[in-house]
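Numbered from 1 within each chain, the chains take letters A, B, ... in sequence-line order. Values in this document were obtained by computation on a predicted structure and should not be read as measured data.
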Number of protein chains: 2
Amino acid sequence: MSKAPITIKDIAKALKLSHSTISRALKDSYQIGEETKKRVKAYAKAHNYHPNLMAQSLKNQKTRSIGVILSSVSKVFFAEVITGIESVASAKDYHVIITQSMENFEKEKNNLDQLTWRSIDGLLVSISAQTTDFSQFKSIQESGTPIVFFDRITHELETHTVIADNYQGAFDLTKHLIDQGFKRIAHITSSEEIFTTKARLAGYTDALKLAGIPFDQDLIRYCEQGGVDTKEVENQLSTLLSLDNPPDAVFAASDLISLSSFDYLQQKGINIPDELAFAGFSNFSAPQLFNPGLTTVKQPAFEMGKQAMELLLELVESKRPVSSFKHVSIPTELQIRKSTKGRS
Amino acid sequence: MSKAPITIKDIAKALKLSHSTISRALKDSYQIGEETKKRVKAYAKAHNYHPNLMAQSLKNQKTRSIGVILSSVSKVFFAEVITGIESVASAKDYHVIITQSMENFEKEKNNLDQLTWRSIDGLLVSISAQTTDFSQFKSIQESGTPIVFFDRITHELETHTVIADNYQGAFDLTKHLIDQGFKRIAHITSSEEIFTTKARLAGYTDALKLAGIPFDQDLIRYCEQGGVDTKEVENQLSTLLSLDNPPDAVFAASDLISLSSFDYLQQKGINIPDELAFAGFSNFSAPQLFNPGLTTVKQPAFEMGKQAMELLLELVESKRPVSSFKHVSIPTELQIRKSTKGRS
DNA sequence: CTGAAAGCGCTTACAG
DNA sequence: CTGAAAGCGCTTACAG
């Protein structure tokens, strides 16, 4: 194992050519003769030549690195998203710098600063729950770094976006509950502001409308922390249960909410689904563990990461400014289990 | 927002100094007068100067990037490890390139190649289950890139290692089962070869010995895939259950094994803990979801990532070769739930 | 078709 | 205490 990797200079010396010629031959420049190209490439391969990325970056003003901001890698959903992102990145020789906002606006801003001065070529973002001001993203975009939003997106910037079809997922889930005979369907969801919350609420509302079931604002409960705080979920649940006309089913917007809810309901001795049916959005690795098994809407996390990265690299590698943007929405998958079994 | 970031040259021009002086002032060189330093730093700060990392890397032959190889980010354990690694990295301005081996030797080798020619400054590895040949790691180390192993380690290379105290964790868990009155304790574990498997088996064995319970090889069941394949786990369980003298408790080595087992046992209508007690190593986010709640040994994942990264950076930043290596073992935590309740 | 030269933004031995 | 110069490994306009 040689300590110093082989460089263009070394090849030039060995082959008695100038280093410009080597450089061009390696990139298949039309200016170089076929014979020469072959010799150079063969030598490079034989000696396991790899270009020095730092030198290339310095020259090209491109780092081949992509920044990612998401709330937390510990969430199964995001772990799967990352795998999708990496699958594209490694195929195209980019590397990915992951940062976590922990749903915190200040942290998100710090991550952004960090990533910026590391001079990334592009940025992938799922916006934190706290974020209402998008000016930092705008200035990054204006300074020439393309951004693609996924999952938690905004339309305040013009760019590609990739989401799960939250609307359809919520619609399907609500319709399933209605089909099972439930009439008072509550919705415990995350912060009112975020994009996914709005889309899910719309799907829920439309499914009710279609079935002629009246919408009741009392049945919509927001958790500002998105369920990170167990107490928050318990409060919303207990409010629901003490309504004059309590719900017969609950549609939860996330795993965290479902987890806390199951604990609480079990504690209170409330039987699922006989006293209260329950279902939720989830990328939990083992929804069958819930007792009874949890009916879920599964988000296409890997696929989202993959497509978001592909769209970002389109922007990064595009020769000229892009002005027409795609808004991808990927279907979700309804998985029916015992927690929503109707009384029939 | 200026498109082009400010450089040393810009500062030099503005302050009518040479760029050598700026460079030195910014790094607090003793050669530069206090007054000058102050002026330069103030200007740099005011204009939000950040050094161009590519240029620095090229000059210093250091990239400030650290490679990580682990089996899969989708495992909660590794997601937490990553958070620990990142916490150190971001504080010290390193960035982390994560790669996944998926327990596959070939993939691990590819990741290694990729990382190598990206010229990382150091490497953090949790070895894949398939790996028995460590020559690639050795040559990387010999070529000057420090490596630290964590979780799945080897002693074939001389370097720092960081593990959870698997021995003690297994010992504690086994002792707990014995204390609860169980006498035939089976152990369903991962591939026989890997380090963690051996350590856990040793803890298990010693706890039995101490209690005067005879060791029975029939009660030790290996899953080559580590439980990725549900069938594998079911086979081992059914073998155990059909023994002439079947176990009264099971100690599982991982979440995956516990998950598949619970499904299988529930299917077979076997009551936990009355017919069979169950406990396992786990970093599952919600062990209380198991029905009944699962007694677990929790691994200090965040802490492991943090300490491994700290030790690696010690090696990376050390001026001279290090020859004395630390072997850190971090305590695990036994969390007792209903799945191991004794009959008393 | 090939080469000499300049330059990306920094660091650092060498001079003064 | 400060500056001019060389060089890290590459790319690419300019010549020939």
Which pairs count as salt bridge (charged side-chain N to carboxylate O under 4.0 Å, His left out) when at least one residue sits in residues 28-46 of chain B, sequence neighbours excluded?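 Output for this query lists B/D28-B/K37, B/D28-B/K41, B/E34-B/K37.
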Among pairs that include at least one residue of residues 54-67 of chain A, which meet salt bridge (charged side-chain N to carboxylate O under 4.0 Å, His left out), considering only residues two or more places apart or in two chains?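 Sorted result for residues 54-67 of chain A: empty, none.
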What is the separation between atom [atom1] on [X] and atom [atom2] on [N], rounded to the nearest whole Å?
X: A/D10; N: D/dC8; atom1: CG; atom2: C1'; answer: 13 Å
X: A/N52; N: C/dC10; atom1: CG; atom2: C1'; answer: 14 Å
X: A/I6; N: D/dC8; atom1: CD1; atom2: P; answer: 16 Å
X: B/I22; N: C/dC10; atom1: CD1; atom2: P; answer: 11 Å

Can you name the atoms? Protein N/O to nucleotides 3-5 of chain D N/O, anything below 3.5 Å, with the distance.
from	atom 1	to	atom 2	distance (Å)
D/dG3	OP2	B/S18	N	3.0
D/dG3	OP2	B/S18	OG	3.4
D/dG3	OP2	B/T21	OG1	2.7
D/dG3	N7	B/R24	NH2	2.8
D/dG3	O6	B/R24	NH1	3.3
D/dG3	O6	B/R24	NH2	2.5
D/dA4	N7	B/S20	OG	3.2
D/dA4	N6	B/S20	OG	2.9

For DNA chain C, the dot-bracket pattern of Watson-Crick and G-U pairs whose distances stay under 3.5 Å, | for other-strand partners: |||.||||||||.|||
Of all residues at least two apart in sequence or in a different chain, which pass the ring-ring contact (aromatic ring centres under 6.0 Å, His included) check with [X]?
X: A/F325; result: A/H160
X: B/F302; result: none
X: A/H50; result: B/W117
X: A/Y49; result: none

Taking only the side-chain nitrogens and oxygens of [X], find out if one of them lies under 4.0 Å from OP1 or OP2 of [N].
X: A/K27; N: D/dC10; answer: no
X: A/K62; N: C/dC8; answer: no
X: B/Q61; N: D/dG9; answer: yes
X: A/Y49; N: D/dC10; answer: yes

Distance-only donor-acceptor pairs under 3.5 Å for side chains of residues 82-91 of chain B, two or more places apart:
from	atom 1	to	atom 2	distance (Å)
B/T83	OG1	A/Q100	NE2	3.4
B/T83	OG1	B/A79	O	3.0
B/S87	OG	B/G84	O	2.7
B/S90	OG	B/E86	O	3.4

With sequence neighbours excluded, what pairs up with A/K109 under the side chain to side chain contact (heavy atoms under 4.5 Å, CB included) test? A/F105, A/E106, A/Q136
Please list, chain by chain and in numerical order, all residues satisfying side chain to side chain contact (heavy atoms under 4.5 Å, CB included) with B/A129, sequence neighbours excluded.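 Applying side chain to side chain contact (heavy atoms under 4.5 Å, CB included) to B/A129 gives B/E103, B/R152, B/I194.
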Can you find an N or O donor on one side and an acceptor on the other, under 3.5 Å apart, linking the side chain of B/K59 with the base of C/dG9?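 Result: no qualifying N/O pair found.
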Specify the residues of residues 35-46 of chain B, ordered by number, for which at least one heavy atom lies under 4.0 angstrom from an atom of DNA chain C. none
Touch check for B/S23, heavy atoms < 4.0 angstrom, all strands: base, sugar-phosphate only, or nothing? base
Is the gap between the ring centers of A/F149 and A/F195 under 6.0 Å? no
Nearest 0.5 angstrom please: B/I140 CD1 to B/L112 CG, how far? 3.5 Å
